[in-house]
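Here, residue 1 is the first one in the sequence, and each next residue gets the next number. Fair warning: this is a prediction, and the values are worked out from it, not measured in the lab.
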Amino acid sequence: CLHGAACALRLVDVATPLLPTPAPTPGPEFCVKIQTGGSAHNEGTLTVVINGATVESGSHAKNAVLVDQCYSSPPSVTVKNPTNDGWGGYAKGSADGGATWTNLICIDCADSSGPGEKIAVDGNGDASNQGERACLHGAACALRLVDVATPLLPTPAPTPGPEFCVKIQTGGSAHNEGTLTVVINGATVESGSHAKNAVLV
């Protein structure tokens, strides 16, 4: 690098990217499935709100699938019944893209005497026997994958990225000593006269 030119140094050839751009790692998909039960009187009205938007409303027949959707982050799910036509059914959630499923926990529901795994949602209180948990009297009840006091998934430890290192050292042969200015990321990190074998950076 002669005649006082400022010469750039790189780990690889200037035409070659420093490292290939890694493919994005897909995060977990959080899935919700809500379905009317198939037993007597399970059909009824239900409104489902996910992330603040109403995704299903109205009257639903037995075994009807109201919601079957996945999200990139844990969704906020709320159910309510705007009429006295009680609804009974299943509310399932998955934190692994649908590979495994568990019952969504109804945070605001009361314990009831109905069939296990089902929830009952009613505008009054006469359909409480449609599920083991009941959301009654037109209440808006939140559903979660886990108890409200438990984090949905542990926060993963950050993955350290690669460290790119630079070392510049004066040689030990005759006349290697001399002046040199080193600029890294726009800042001068070393300048002046340097003896043989001196580590500049």
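Between the CG atom in N103 and the NZ atom in K118 there is a gap of 12.0 Å [rounded to 0.5 Å]. Remark: K196 NZ to T170 OG1 distance equals 11.0 Å, nearest 0.5 Å. Here the straight-line distance linking atom CD of E132 with atom OG of S112 works out to 9.0 Å at 0.5 Å rounding.
Both F30 and V67 are members of a single hydrophobic cluster when ILVMFWY side chains are connected at heavy-atom separations under 4.5 Å. Note on V55 and V77: same hydrophobic cluster, where clusters join Ile, Leu, Val, Met, Phe, Trp and Tyr whose side-chain heavy atoms are under 4.5 Å apart, directly or indirectly. Residue L180 is grouped with residue V201 when hydrophobic side chains (ILVMFWY) are merged at heavy-atom distances under 4.5 angstrom, including chains of intermediate members. Placement of I50 and L104 within a single hydrophobic cluster is found when ILVMFWY residues are connected by side-chain heavy-atom separations under 4.5 Å, directly or transitively. Both V166 and L200 belong to a common hydrophobic cluster when Ile, Leu, Val, Met, Phe, Trp and Tyr are linked at side-chain heavy-atom distances under 4.5 angstrom.
When all heavy atoms of S128 and A120 are compared, the pair lying nearest together is O-CB, 4.1 Å. Nearest heavy-atom pair across W101 and C31 is CH2-CB, 3.6 Å. Shown here for E117 and Y90, the closest heavy-atom pair between the two residues is O-CD2, 3.8 Å. Between P82 and K80, the closest heavy-atom pair is CD-O, 3.8 Å.
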Given the rule in the side chain to side chain contact (heavy atoms under 4.5 Å, CB included) test, do T102 and L145 qualify, once you have shown the distances and angles that lead to the verdict? CA-CA 7 Å; T102 186; L145 275 172; 3.9 Å; yes
One pair to check against side chain to side chain contact (heavy atoms under 4.5 Å, CB included): K92 and Q35. What are the steps and the verdict? CA-CA 9 Å; K92 302 281 188 178; Q35 183 173 11; over 6 Å; no
Begin from the C-alpha positions of N51 and Y71 and carry the test side chain to side chain contact (heavy atoms under 4.5 Å, CB included) through to its verdict. CA-CA 10 Å; N51 294 335; Y71 303 84; 4.0 Å; yes
Worked check of side chain to side chain contact (heavy atoms under 4.5 Å, CB included) between V79 and L143: CA-CA 8 Å; V79 294; L143 305 179; 3.8 Å; yes
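For the side chain to side chain contact (heavy atoms under 4.5 Å, CB included) test with C135, the passing option among I119, N81, V121, D108 is V121; the others fail.
Side-chain N/O atoms of S94 and K33 include no donor and acceptor closer than 3.5 Å. Donor-acceptor pairing under 3.5 Å is lacking for the side chains of S193 and T179.
You'll find the side chain of T54 reaches within 4.5 Å of the side chain of T47, heavy atoms only. L136 places none of its side-chain heavy atoms less than 4.5 Å from the side chain of N124.
With hydrogens and angles ignored, the 3.5 Å screen pairs no side-chain donor or acceptor of N42 with any backbone N or O of G89. Remark: the backbone N or O of G192 is paired with a side-chain donor or acceptor of H194 at under 3.5 angstrom. No donor-acceptor pair closer than 3.5 Å links the side chain of R144 to the backbone N or O of I105. Put simply, the side chain of T83 gets close to the backbone of D85: a donor and an acceptor are under 3.5 Å apart.
Cysteines C141 and C109 keep their SG atoms at least 2.5 Å away from one another.
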